[in-house]
Amino acid sequence: MATSRTRRAVDVIDERLGIKALEYPVPEHANNLAWSLGGITASAFGILVVTGVLLVQFYSPVPESANQSVREMTNDIWGMRFVRALHFWAAQAMYVTVALHLIRVFVTGSYKRPREGNWLIGVAMFGLVLVGLFTGTVLKWDQEGFEALGHNVEIGDLFGGAGIWFSPDFADRVPLLVRLYAAHVVLIPGILVVLMTLHGLLVKRHRISPHPSLPMSASGDQAPPEEPTEPFTHHLRRLGAFGLALLGAVGILSVLAPPAVGPAPVAGLEITKPPWNFWWMFTLENWFGLTGILYGSGVLFLLLIALPFVDRSPRRYWRDRPVAMALGLLVLLALALLTAVMPFTTAETHL
Amino acid sequence: VSGVEDAMAALEDGDVGTARGLLQGSIEEAVGDLPPATGEETGTTVVVPETSGGARVDGQGLGFLIASVAVLLLGLWLALRLRPRDTVRDLRRSLTHPATDEDTAVRGAGGPGGRP
């Protein structure tokens, strides 16, 4: 009885909104965890949007009161300590899952023809996640955040005239904090939503990439017609389950390890270290100065952008792509090593 | 400045409460005259120390912890329940060695690689 009522309700909605269009078939391998990492990343983004909407109700984005407003919301407003921690840990989860998704797409050769454009959209979203993490660090407006802002300005200077947006001179009557706040709550999530929509539409257009260890279609870029399929709505249902698990995991971390708020910022000091996501850049900065951050991240993103245009062979199975695998491993090792040596490098003053 | 002088007098009289009120009032007045921070200015007038980021499992925290564990378990249970019928290994086997009618009958009855 309940099922037939649900079906009738779905039929009523479908008649008006066409939601059954989502029931298009996807190959069964799309429902495993590795192929669901993009959807899990979207779940993390959903948690960030909901908690972000709550945070902006109590956050004051002006330098005089930003740090204090973070302290007050976490100490005085019921539940906001948890909400802020949830936002912090969901951001960490998004960084990890987007990186794992990118690695999965690389290892399974899913960026190859005809999916090169969608790979570039994914790389752009990875960059936006990094920018979102960076601006979020600045917003708490403690010593660490203020020093991060200093790097933002100095790296903008390295671009010369092209970096004017990052300069305080661009709008000298407005605090840079307010402009970064606008970027964090409007520009970055707004562009992410647009790119996510495009990403999803292109996945539908090109269909889910084939699993390289399974037989493929005659064209070599699709799952074979013999592979069983399930409706995309089943894929969404499983993503919902993974999303719930993620919410629970970040909730536990939020209670047991909430983020601190550092001291109010003082100009002229450079004494803090960045969040772990940026440690590899910090090591490069200590070795080569501020240009190390620029060139290091530039090389990483150039490699990611160039990948589908350089590696044009149709082979997808990792054992058949020794050069690509070796290069990918080398990049990952370099990032891991630069991250691991950070605690042992002496912090230099660059600002 | 007169506020600070009054506070000093109050302190000398041993009236700490009045002294604190007068000092806070004088600071607010002084800070209120500052122009708002622009550009890269910190806007900092008083440097407050770092807050502790450690766990605070009071009643509220415990409630959120229990709810989070419940949501995690529910998500894991649903993810397991909604898992695909075939693993990649099953798919590889069935796609490279198509099943006979006999195999299909076994899978349909809840045999290896299939759920009833």
Side-chain angles (χ1 to χ4, degrees), chain A residues 28-29 31-32 62-68 71 74-75 78-79 81-82 141-142 146 149-150 153 168-169 172-176 211 213-215 224 226-228 230 234 237-238 240-252 254-267, chain B residues 31-32 34-58 60-99 107 113-114:
Chain A
E28 200 173 9
H29 74 262
N31 282 330
N32 70 33
V62 291
E64 289 83 357
S65 53
N67 184 282
Q68 188 59 27
R71 287 161 187 270
T74 49
N75 293 330
W78 191 91
R81 182 182 170 88
F82 180 70
W141 207 239
D142 53 8
F146 183 70
L149 181 76
V153 173
D169 303 330
D172 58 6
R173 294 185 184 183
V174 180
L176 258 177
H211 196 293
S213 74
L214 298 177
E226 298 80 30
E227 184 175 339
E230 287 198 48
H234 287 197
R237 216 169 53 178
R238 193 147 199 255
F242 283 133
L244 271 181
L246 180 79
L247 176 64
V250 294
I252 292 169
S254 300
V255 175
L256 299 180
V261 189
V266 175
Chain B
V31 169
L34 291 174
T38 55
E40 217 183 336
E41 290 169 356
T42 62
T44 302
T45 48
V46 180
V47 179
V48 282
E50 179 170 347
T51 63
S52 160
R56 192 194 293 170
V57 190
D58 49 11
Q60 189 188 116
L62 195 64
F64 283 127
L65 188 62
I66 291 168
S68 299
V69 171
V71 169
L72 173 66
L73 292 176
L74 176 67
L76 290 177
W77 178 72
L78 281 173
L80 199 65
R81 193 175 152 74
L82 301 172
R83 71 189 182 280
R85 184 188 295 267
D86 302 302
T87 63
V88 171
R89 184 177 294 180
D90 296 332
L91 286 171
R92 195 179 305 127
R93 197 182 308 129
S94 65
L95 289 171
T96 48
H97 306 289
R107 281 162 55 89

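In what follows, chains carry the letters A, B, and so on, assigned in the order in which the sequence lines appear, proteins first and then strands, with residues in each chain numbered from 1.
Both the backbone and the side chain of A:Arg237 come within contact range of chain B, each with at least one heavy atom under 4.5 Å from a heavy atom of that chain. With a 4.5 angstrom heavy-atom cutoff, A:His211 touches chain B only via side-chain atoms. Contacts between A:Asn75 and chain B at a heavy-atom distance below 4.5 Å involve the side chain alone, from C-beta outward. The parts of A:Asn32 that come within reach of chain B are both its backbone and its side chain, each placing non-hydrogen atoms under 4.5 angstrom from that chain.
Among the candidates A:Leu149, A:Val153, A:Leu246, the residue making the largest number of heavy-atom pairs closer than 4.5 Å to chain B is A:Val153. If you tally non-hydrogen atom pairs under 4.5 Å between each of B:Gly61, B:Gly63, B:Pro49 and chain A, the highest count goes to B:Pro49.
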### Task
Please lay out, stage by stage, how B:Val88 and A:Leu214 fare under the test side chain to side chain contact (heavy atoms under 4.5 Å, CB included).
CA-CA 8 Å; B:Val88 171; A:Leu214 298 177; 4.3 Å; yes
### Query
Where do A:Ile252 and B:Leu65 land on the side chain to side chain contact (heavy atoms under 4.5 Å, CB included) test, with the steps shown first?
CA-CA 6 Å; A:Ile252 292 169; B:Leu65 188 62; 4.1 Å; yes
### Query
Between A:Arg71 and B:Thr51, does a side chain to side chain contact (heavy atoms under 4.5 Å, CB included) hold up when you go through it step by step?
CA-CA 8 Å; A:Arg71 287 161 187 270; B:Thr51 63; 3.2 Å; yes
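In this structure, A:Pro265 and B:Thr44 approach most closely via the heavy-atom pair O-OG1, 2.5 Å. The two residues A:Phe82 and B:Ser68 come nearest to each other via the heavy atoms CZ-OG, 3.9 Å. Minimum interatomic distance between A:Ala260 and B:Glu50 (heavy atoms only, all atoms of both residues): CB-OE2, 3.6 Å. Of all non-hydrogen atoms in B:Val71 and A:Gly248, the two that sit nearest each other are CG1-N, 3.8 Å. The heavy-atom pair separating B:Arg85 from A:Glu230 by the smallest distance is N-OE2, 4.1 Å. Nearest heavy-atom pair, B:Ala79 versus A:Ala241, reported as atom, atom and distance to 0.1 Å: N-CB, 3.4 Å.
A 4.5 Å side-chain heavy-atom check between B:Pro84 and A:Arg238 finds at least one atom pair inside the cut-off. A:Pro63 is not listed as a side-chain neighbour of B:Glu41, based on a closest heavy-atom distance of 4.5 Å or more. At least one side-chain heavy atom of A:Pro228 sits under 4.5 Å from a side-chain heavy atom of B:Leu91.
Remark: the backbone N or O of B:Asp86 is paired with a side-chain donor or acceptor of A:Glu28 at under 3.5 angstrom. Side chain of B:Thr42 to backbone of A:Val266: no donor-acceptor contact under 3.5 angstrom is found.
A distance of 5.5 Å separates CH2 in A:Trp78 from CD in B:Gln60, rounded to the nearest 0.5 Å. A:Asn31 CG to B:Leu82 CG: the interatomic distance, rounded to the nearest 0.5 Å, is 9.0 Å.
The side-chain contact (heavy atoms from CB on, under 4.5 Å) check on A:Val62 picks up A:Ser60, A:Glu64, A:Ser65, A:Val178, with sequence neighbours excluded.
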